[in-house]
2 protein chains.
Amino acid sequence: MNERIKRADARRNEESLLDAAAAVFVAAGVEAPVRDIAARAGVGTGTIYRHFPTRADLIVAVYRHQVEACAAAGPALLESGVTPYAALRSWIDLFVDFLVTKHGLAGVLRSDQAGFETLHAYFLDRLVPVCGALLAAAGAAGQIRTDVDAVTLMRGVGNLCIGAENDDRYDARKLVSVLIAGLR
Amino acid sequence: MNERIKRADARRNEESLLDAAAAVFVAAGVEAPVRDIAARAGVGTGTIYRHFPTRADLIVAVYRHQVEACAAAGPALLESGVTPYAALRSWIDLFVDFLVTKHGLAGVLRSDQAGFETLHAYFLDRLVPVCGALLAAAGAAGQIRTDVDAVTLMRGVGNLCIGAENDDRYDARKLVSVLIAGLR
DNA sequence: GGGCAAACGGAACAAGGTTCCGCATGTTGG
DNA sequence: CCAACATGCGGAACCTTGTTCCGTTTGCCC
């Protein structure tokens, strides 16, 4: 049972939708209405739901590449020769950069609204193991306390990034760096 | 121009609404629908809006006492004889306890949805100066770095508390304590 | 008791996510 | 090349939730 062959128009539409969604997310944030994305892609709303069962799945699809890149960066940093703590710090920076530049993503990540479990689960499943490896290495090297687990740290960092974009009195990056400093 | 005298039924309804809202918030979280609160109080939805111009105002009214108590605790802690850093830490603990026990409050605090500016503004206006005093004292005593301002710290702590209630893999209190440790 | 401003209830509206279904259109066997 | 039909499409309709509006009710004061 390999993947079903889709009709050509269906594949084209899926493509358009991903492009449109990416553009709208940049312009209006991740919380942009589904109708706007459909309009931008030149399709009906029903078409979105045939390709992506829920808004969250669309978001996951749009950012999948970047999440994968972030996940891949973890092991690479660990093997790059710097200390485990420095690797952890750099990796967290990557993650924060990713979140902070995606208008509203962090906010929607923590949302417990129905339908966002997919999004949440994907991020956690993909990134927690990577973070865990970095934490374990730094812990084993005696550079940080060992009583903070990867899930908690990832969610904490994600939470700190919420709202970072529309308030210049709030400096998420600095707070994250304070938090990581507190791990020592 | 002292406050207008309200009709007896109006006063009674405002009372019922506050009670009902408090009860519903405990049972179903701060994000419970306005209609549920109205039903519980035995009034129409219009009545809510006559007393509280928006959902956020109702939330503020319900928690005003506790916020005031938290604000008052700041100066008290500073004068209690412990070091400024210990006072800061204790005060943050109070704030975290407050947030973590109010299902969904932290999340809504962060929300940039229209209509929640009131809520946001109230919390910040009331608590930031208190936090600022504690930070300044600890900074002057040379116990912490001085490049993190009160607004940022308050929002960071608030953010860390988001989602603390429905996920036992996430330990908001521990993260906050790591963050405060990172201030040293 | 009567008049009137204050307050009320809940229907109606707006906005956003999601579902549904009649119609259109690729695809494929002949 | 054509016809048959499964696949996919559009967008109206539905649901939930915040908010507004307005005809009706009710407390207060004389």
Side-chain angles (χ1 to χ4, degrees), chain A residues 3-18 20-21 24-25 27-62 104 107-108 111-120, chain B residues 1-18 20-21 24-25 27-62 104 107-108 111-120:
Chain A
E3 38 246 41
R4 303 231 322 287
I5 298 146
K6 281 157 103 165
R7 263 166 52 172
D9 56 344
R11 239 172 307 133
R12 226 179 311 121
N13 273 326
E14 185 165 333
E15 197 64 22
S16 312
L17 273 171
L18 281 173
V24 170
F25 287 169
V30 169
E31 316 216 43
V34 169
R35 284 165 178 78
D36 291 359
I37 299 167
R40 169 98 183 209
V43 305
T45 54
T47 303
I48 287 198
Y49 285 92
R50 181 155 308 90
H51 291 288
F52 307 98
T54 178
R55 260 179 60 81
D57 296 287
L58 178 55
I59 298 175
V60 168
V62 168
V108 103
S111 161
D112 45 2
Q113 308 263 336
F116 283 88
E117 305 84 10
T118 317
L119 180 62
H120 202 144
Chain B
M1 275 295 154
N2 45 21
E3 38 245 41
R4 304 234 318 288
I5 297 144
K6 280 159 103 169
R7 262 166 51 170
D9 56 344
R11 239 172 307 135
R12 226 180 310 121
N13 273 326
E14 186 166 333
E15 197 64 23
S16 311
L17 273 171
L18 282 172
V24 171
F25 288 170
V30 169
E31 317 216 42
V34 170
R35 282 164 179 76
D36 291 359
I37 300 167
R40 170 98 181 208
V43 305
T45 54
T47 302
I48 286 198
Y49 285 92
R50 181 153 313 89
H51 291 288
F52 308 98
T54 177
R55 257 179 61 80
D57 296 288
L58 177 56
I59 298 174
V60 168
V62 168
V108 104
S111 160
D112 45 2
Q113 309 262 333
F116 283 88
E117 305 85 11
T118 316
L119 180 62
H120 203 247

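Just so we're on the same page: letters track the sequence lines, and every chain starts at 1.
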Rounded off to whole Å, could you give me the [atom1]-to-[atom2] distance for the [X] and [N] pair?
X      : N      : atom1 : atom2 : answer
B:I37  : D:dT19 : CD1   : P     : 11 Å
A:E15  : D:dC9  : CD    : P     : 13 Å
B:E117 : D:dG18 : CD    : C1'   : 14 Å
A:I48  : D:dG8  : CD1   : P     : 16 Å
B:E31  : D:dT16 : CD    : P     : 17 Å
A:L58  : C:dG17 : CG    : P     : 11 Å
B:I59  : D:dT19 : CD1   : C1'   : 15 Å
A:F52  : C:dG17 : CZ    : P     : 15 Å

Residue pair [X] / [Y]: nearest heavy atoms and the distance that separates them:
X      : Y     : answer
A:A20  : A:I37 : CB-O, 3.9 Å
B:L119 : B:A56 : CB-CB, 4.0 Å
A:A32  : A:V24 : CB-CG1, 3.4 Å

Reckon [X] has a side-chain N or O less than 4.0 Å from the OP1 or OP2 of [N]?
X     : N      : answer
A:Y49 : C:dT19 : no
A:T54 : C:dT18 : yes
B:N13 : C:dC8  : yes
A:H51 : D:dG8  : no

- What does the inter-axis angle of the helix from C:dG1-D:dC30 to C:dG30-D:dC1 come out as, five pairs per end, nearest 10 degrees?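 Nearest ten degrees gives 10° for this helix.
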- Side-chain heavy atoms of A:F116 within contact of A:I59, under 4.5 Å: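 Result yes, sub-4.5 Å side-chain heavy-atom pair found.
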- For DNA chain D, whose closest nucleotide is more 5', that of B:G46 or that of A:V43?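 It is A:V43, whose closest nucleotide lies nearer the 5' terminus.
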- In sequence, state the C-alpha distance, the side-chain angles, and the governing distance for B:L18 and B:F52, and then conclude on side-chain contact (heavy atoms from CB on, under 4.5 Å). CA-CA 10 Å; B:L18 282 172; B:F52 308 98; 4.0 Å; yes
Counting side-chain heavy atoms from CB outward, which of [options] is closest to [X]?
X     : options               : answer
B:R35 : D:dT17, C:dG17, C:dA7 : D:dT17
B:T45 : D:dC9, C:dG10, D:dG18 : C:dG10
B:T47 : C:dG9, C:dT18, D:dT19 : C:dG9

- Message: Restricting to side-chain contact (heavy atoms from CB on, under 4.5 Å), what partner residues turn up for B:S16, sequence neighbours left out?
- Response: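 side-chain contact (heavy atoms from CB on, under 4.5 Å) list for B:S16, sorted by chain: B:A41.
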- Message: Restricting to side-chain contact (heavy atoms from CB on, under 4.5 Å), what partner residues turn up for A:D36, sequence neighbours left out?
- Response: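 With sequence neighbours excluded, A:D36 shows a side-chain contact (heavy atoms from CB on, under 4.5 Å) to A:P33, given in chain and number order.
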- Pairs touching residues 49-61 of chain B that satisfy side-chain hydrogen bond (donor to acceptor under 3.5 Å, both in side chains), sequence neighbours left out: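 Matches after skipping sequence neighbours: B:E14-B:H51.
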- Query: Within the distance-only criterion (no hydrogens, no angle test), does the side chain of A:R35 pair as donor or acceptor with the backbone N or O of A:T45 below 3.5 angstrom?
  - Reply: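 Here the side-chain-to-backbone pair does not exist.
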- With sequence neighbours excluded, what pairs up with B:R7 under the side-chain hydrogen bond (donor to acceptor under 3.5 Å, both in side chains) test?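 Partners of B:R7 by the side-chain hydrogen bond (donor to acceptor under 3.5 Å, both in side chains) criterion, ordered by chain and then number, come out as B:D9.
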- Query: Which nucleotides of nucleotides 22-30 of chain D have their base under 4.0 Å from a protein heavy atom (B), which only their sugar-phosphate (S), and which neither (-), written as one string 5' to 3'?
  - Reply: ----BSS--
